[in-house]
There are 2 protein chains.
Amino acid sequence: MRRDVFQAIADPTRREILGMIAREKLNLNSVAENFPVSRPAISRHIKILTECGLVTIKQLGRERFCEANLESLNQVSEWIDQYRIF
Amino acid sequence: MRRDVFQAIADPTRREILGMIAREKLNLNSVAENFPVSRPAISRHIKILTECGLVTIKQLGRERFCEANLESLNQVSEWIDQYRIF
DNA sequence: TATATTTGTAACCGATCGGTTAAATAACGA
DNA sequence: TCGTTATTTAACCGATCGGTTACAAATATA
């Protein structure tokens with residue numbers, strides 16, 4: 001299920017998650033600790049972020065470390081840049 | 001009702017509308033002609049775009065011309081730019 | 001082996017989304 | 001004035017969203 005980057009970053013929680021793991025790789029529990037929502041909710045957010053390539057997962061034992069992969073944001077900035085001519 | 005730019009551009013139809021009126025001001029009917037959805041649907045899309053500042057309306061008689069106001073996109077590009085350091 | 005830890009999945013819920021059709025409002029043209 | 005044109009609003013609909021709790025699965029640890 002190929003996801004849309006525009007839709008992925010529309011949610012403020014997902015943008016926060018991206019900002020958080022852009023600084024350092026974190027496993028899912030560590031990410032979830034920082035939000036007032038449940039772990040399954042964070043799990044689904046991260047799933048959406050991986051489905052559009054913004055996050056990649058490195059499994060280490062039972063832990064899954066989330067890494068930001070921000071090249072996909074170019075899809076957005078390129079779309080914006082086409083209007084920068086004006 | 002202050003709208004979120006990220007959420008406004010998440011919808012592909014709204015992005016198309018923006019691209020269309022970035023080239024030239026168009027009244028609502030002219031915009032709607034270019035899409036396979038009804039006029040009321042386009043009307044609501046444009047309302048959302050105005051609510052976050054991406055579109056401004058100039059009323060001329062009974063027609064309302066839609067003008068793209070793309071400075072609000074800076075909110076998005078600035079958010080992306082903070083990661084360009086990496 | 002038994003238990004604790006990390007995570008994903010399923011089932012559900014209320015709110016929002018994007019669409020529709022029908023009716024209301026307002027301005028133009030004959 | 002009356003009909004046409006441009007647009008918004010209201011009421012509705014099914015799908016999706018973001019959240020929850022409960023449970024399953026897999027790995028680490030005592």
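Reminder, nothing fancy here: chain letters follow the sequence lines and each chain counts from 1.
For the pair E16(B) CD and dG18(C) C1', the interatomic distance rounds to 15 Å; values are reported in whole Å. Atoms CG (D4(B)) and C1' (dG18(D)) sit 15 Å apart, rounded to a whole Å. Between H45(B) atom NE2 and dT7(D) atom P there is a gap of 16 Å when expressed in whole angstrom units. Taking atom CD of residue Q59(A) and atom P of nucleotide dT27(D), one finds them 8 Å apart after rounding to whole Å. The distance between atom NZ of K58(A) and atom P of dT7(C), rounded to the nearest whole Å, is 16 Å. Rounded to whole angstrom, the span from the CD1 atom of I17(A) across to the C1' atom of dG18(D) amounts to 12 Å. I42(A) places its CD1 atom 13 Å from the C1' atom of dT20(D), with the value rounded to the nearest Å. In this structure, K47(A) places its NZ atom 9 Å from P of dG8(C), rounding to the nearest Å.
With L54(A) as reference, L18(A) is the one residue of I48(A), N69(A), L18(A) to meet the side chain to side chain contact (heavy atoms under 4.5 Å, CB included) rule.
In the set dT6(C), dG18(D), dT21(D), dG18(D) carries the atom at the smallest distance from any side-chain atom of D11(A). Checked against dC17(C), dG8(C), dT8(D), the side chain of R3(B) finds its nearest nucleotide in dC17(C). Closest to the side chain of I48(A), out of dT7(C), dT9(C), dG18(D), is dG18(D). For N27(A), whose side chain is taken as the heavy atoms from C-beta onward, the closest listed nucleotide among dG18(C), dG19(D), dT6(C) is dT6(C). The side chain of L28(B) has dT7(D) as its nearest neighbour among dT7(D), dT21(C), dG8(C). In the set dT7(D), dT7(C), dT9(C), dT7(D) carries the atom at the smallest distance from any side-chain atom of R39(B).
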**OP:** Please report the C-alpha distance between N27(B) and L60(B) in whole Å, then the side-chain angles of each, then the deciding distance to 0.1 Å, and finally whether the side-chain contact (heavy atoms from CB on, under 4.5 Å) criterion is met.
**Re:** CA-CA 9 Å; N27(B) 67 356; L60(B) 257 131; over 6 Å; no

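Projected onto DNA chain C by closest heavy-atom contact, P40(B) and R44(B) fall at different nucleotides, the more 5' of which corresponds to R44(B). Of the two residues near DNA chain D, R64(B) and G61(A), the one whose nearest nucleotide lies more 5' is R64(B).
Closest heavy-atom contact between I80(A) and R84(A): CG2-NH2, 3.4 Å. Minimum interatomic distance between A22(B) and L70(B) (heavy atoms only, all atoms of both residues): CB-CD1, 4.3 Å.
As judged by a 4.0 angstrom heavy-atom cut-off over every strand, Q7(A) is placed among residues touching the sugar-phosphate backbone only.
A donor N or O paired with an acceptor N or O is found under 3.5 Å between the base of dT5(D) and the side-chain atoms of R62(B).
Remark: the backbone N or O of E51(B) is not paired with any side-chain donor or acceptor of R3(B) at under 3.5 angstrom.
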